[in-house]
Amino acid sequence: MTHAMATDPVETYVARRTFRMLVGGALVGAAGGATSEVLDPSTGRVIAEIPEAGAEDIATAVAAARRAAPDWSALGVEGRTRCFERFGALLVEHLEELAMLDAIDSGNPVRAMRTDVRICLPYVEGWPAMARMLGGQVIPASPGNLHYTSSMPYGVVGRITAFNHPVMFAATRPLPALIAGNTVVMKPAPQTGLSTLALAELYAEAFPPGVVNVVTGGAEPGDALVTHEAVKRIAFTGSVPTGLLIQRRAAESGQVKNVSLELGGKNAMVVFPDADVDEAVEGAIYGMNFNVCQGQSCGSNSRVLVHRRCYDEFVARAGRRLAEYRVAPAYSEEADMGPLVSAKHHTRVTRYVERGAAEGATLVTGGGRPAGVPDGGYFLEPTIFADVRPDMAIANEEIFGPVMSIMPWDGYEEMLTLANGVDLGLTASVWTNDLDLAHKTAERLDAGYVWINDSTRHYFGTPFGGTKNSGIGREESMEELLSYLEQKVVHTRLRDPHAALDRILGG
Ligand code: NAD
């Protein structure tokens, strides 16, 4: 089957457009004029060029953000909320364009990317509402004195993001820093800059100049942002190796910086023998995010630990269910799954598939190139391995692709050892109808976000983040908002009131 479309979305949304960065309120190219090619992962064709920033562009963007910071901070939550409202309205107006740009650029199916844009709205509304709840404390720490707390923004925040949810990250991740009164320099992943650059135009319309700056490029501008002396707060979403490097480079800058890290996952889903197998299979497939981003998601349940009593049934059903998936160019309405983000990433994920087979896991479904997709695209079938042993690479390493590993277990402690036996701890899920067992198990799973009879969904207000090498800090919650503010204590020594009375009354 081929996937002919009435109109070519690349022609409609990309071909005649110039994509520019946002620096100090102006839409600009890189200072040195450098650009990088944008590839459509559904075809492998070069479809556009975007600015490739260097350290000079970061310096200009940080200077602009620094200049804008005092007025933005002085505006207060009420004033800043007006900009959020305008931004939210623009997102709704541009929903289709942003979703299509993500499909074209990242390979994520357009139907899912429309949802990704809609998901931004509760964040655009939620952060100002949460910021209005911020308060200080009066602390009775010593008699005769008044101690109270207040908080202040850092100034300029550096925000670096990953490739897998481009528009969602670009439209939501700067928001808590902004509502707290900081200005932001944001750098998206180099593979998927288009929707972020389209969004830059909306930020320019909704926010005062310099408050939001968008700079595109790879490690070089990323490093310049992390090491810039005026950027004390850095928030990063990406891989563990880059996260470790950023911590090191931040320290090497000679300044003490607050770095929060949202990193990888190799998340366990635990299925007990009393679980509804149909529901659990749906939860496993949904939780892999095959149909949102080809499994390229930090929160995906890529390790499914199924009790031996329902193991065969689970494996057979999961295989049948996934075989129904339609893989097609990402901008096709019929795509359940699109291509992987790049040729390099496709090679990486395919190597894991080969390794899984070579190490003796059973290939239940997928593993190859789907039929009927364009020749140059980076497609891979949704893939399930069963009989995966804990010593295999596919059981331990984050693949970040459409590959799910299923492992059997017999004893409770054995299952916990398996579940907690990796160096990542982002999410986990527990599937059982026994309430006590569900909560006791949730308590013993070493992960930052645990679902009971659910997977992958997370909502504004609930702290999202990982334990172990999955990161530091929690997002999407009051914890994150507070992380963009520095606390101050004001200590007032209250003098003897009689002395004041004597002075005032002249007694
Ligand atoms: P990556 O680490 O390769 O890149 C992430 C970002 O870091 C990009 O913008 C990149 O240009 C930038 N970067 C690269 N080198 C840098 C340097 N030296 N200094 C500063 N910035 C630098 O990650 P990726 O491939 O884009 O994303 C996949 C990873 O992200 C996976 O591990 C995934 O689990 C993780 N992720 C985590 C979450 C979460 O919320 N925990 C969400 C999405 C993705």
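Note that ligands are numbered from 1 as they come in the structure, with each ligand's atoms numbered from 1 the same way. The figures that follow rest on heavy atoms only: side chains count, while hydrogens, waters and symmetry mates do not. Throughout, numbering of the chain's residues begins at 1 and tracks the sequence.
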Between [X] and [Y], does any side-chain N to carboxylate O distance fall below 4.0 Å?
X: Arg474; Y: Glu262; answer: no
X: Arg249; Y: Glu252; answer: yes
X: Glu359; Y: Arg389; answer: no

Near [X], which atoms of ligand 1 are under 4.0 Å from a heavy atom of that residue?
X: Phe236; answer: 2 (O), 5 (C), 6 (C), 7 (O)
X: Phe169; answer: 42 (C), 43 (C)
X: Gly218; answer: 11 (O)
X: Leu426; answer: 41 (N)
X: Leu245; answer: 18 (N)

Can you pull the ring pair (Phe, Tyr, Trp, His ring centres under 6.0 Å) pairs that have at least one residue in residues 181-205, sequence neighbours excluded?
->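 Ring pair (Phe, Tyr, Trp, His ring centres under 6.0 Å) check on residues 181-205 returns Phe87-Tyr203, Tyr203-Phe207.
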Would you sort out whether His94 and Val167 count as a side-chain contact (heavy atoms from CB on, under 4.5 Å), showing the intermediate values?
-> CA-CA 11 Å; His94 291 263; Val167 77; over 6 Å; no
Phe385 and Tyr352: aromatic ring centres closer than 6.0 Å?
->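 No, the ring of Phe385 stays outside the 6.0 Å limit from the ring of Tyr352, centre to centre.
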Audit row: Glu397, Lys266, salt bridge (Lys or Arg N to Asp or Glu O under 4.0 Å) steps and yes/no | CA-CA 7 Å; Glu397 295 168 26; Lys266 187 71 184 175; over 6 Å; no
What protein heavy atom is closest to [atom], reported as residue, atom name and distance in Å?
atom: atom 27 (O) of ligand 1; value: Ala162 CB, 3.3 Å
atom: atom 19 (N) of ligand 1; value: Asp223 N, 3.5 Å
atom: atom 12 (C) of ligand 1; value: Ile160 CG2, 3.7 Å
atom: atom 20 (C) of ligand 1; value: Gly222 C, 3.3 Å
atom: atom 10 (C) of ligand 1; value: Lys187 NZ, 3.7 Å
atom: atom 8 (C) of ligand 1; value: Thr161 O, 3.3 Å
atom: atom 33 (C) of ligand 1; value: Phe400 CE1, 3.2 Å
atom: atom 36 (N) of ligand 1; value: Cys298 CB, 3.7 Å

Where on Glu398 is there a heavy atom closer than 4.0 Å to ligand 1, on the side chain, on the backbone, on both, or on neither?
->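 The answer is the side chain of Glu398.
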Would you kindly specify which portion of Pro188 sits under 4.0 Å from ligand 1, judged on non-hydrogen atoms: side chain, backbone, both or neither?
->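 Backbone only; the side chain of Pro188 stays clear of ligand 1.
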Are Leu416 and Leu445 side-chain neighbours, meaning at least one heavy-atom pair lies under 4.5 Å?
->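 Heavy-atom side-chain distance check passes, below 4.5 Å.
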Hey, does Val306 have a side-chain heavy atom less than 4.5 Å from the side chain of Met269?
->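 No, every pair of side-chain atoms sits at 4.5 Å or beyond.
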Any side-chain donor near an acceptor of the partner, Thr456 and Asn289, under 3.5 Å =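 Per modelled atom types, Thr456 and Asn289 side chains form a pair under 3.5 Å.
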Counting only nitrogen or oxygen atoms and a 3.5 angstrom limit, does [X] reach ligand 1?
X: Ser239; value: yes
X: Thr242; value: yes
X: Glu262; value: yes

Run the side-chain contact (heavy atoms from CB on, under 4.5 Å) check on Leu426 and Tyr449 step by step: do they pass?
-> CA-CA 6 Å; Leu426 190 57; Tyr449 207 103; over 6 Å; no
Check whether any side-chain N or O of Thr383 sits under 3.5 Å from a backbone N or O of Glu381 as a donor-acceptor pair, and report yes or no.
->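 Yes; judged by distance alone, with no hydrogens or angles, the pair exists.
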Gly471 heavy atom under 4.0 Å from ligand 1 =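 Distance cut 4.0 Å: Gly471 fails for ligand 1.
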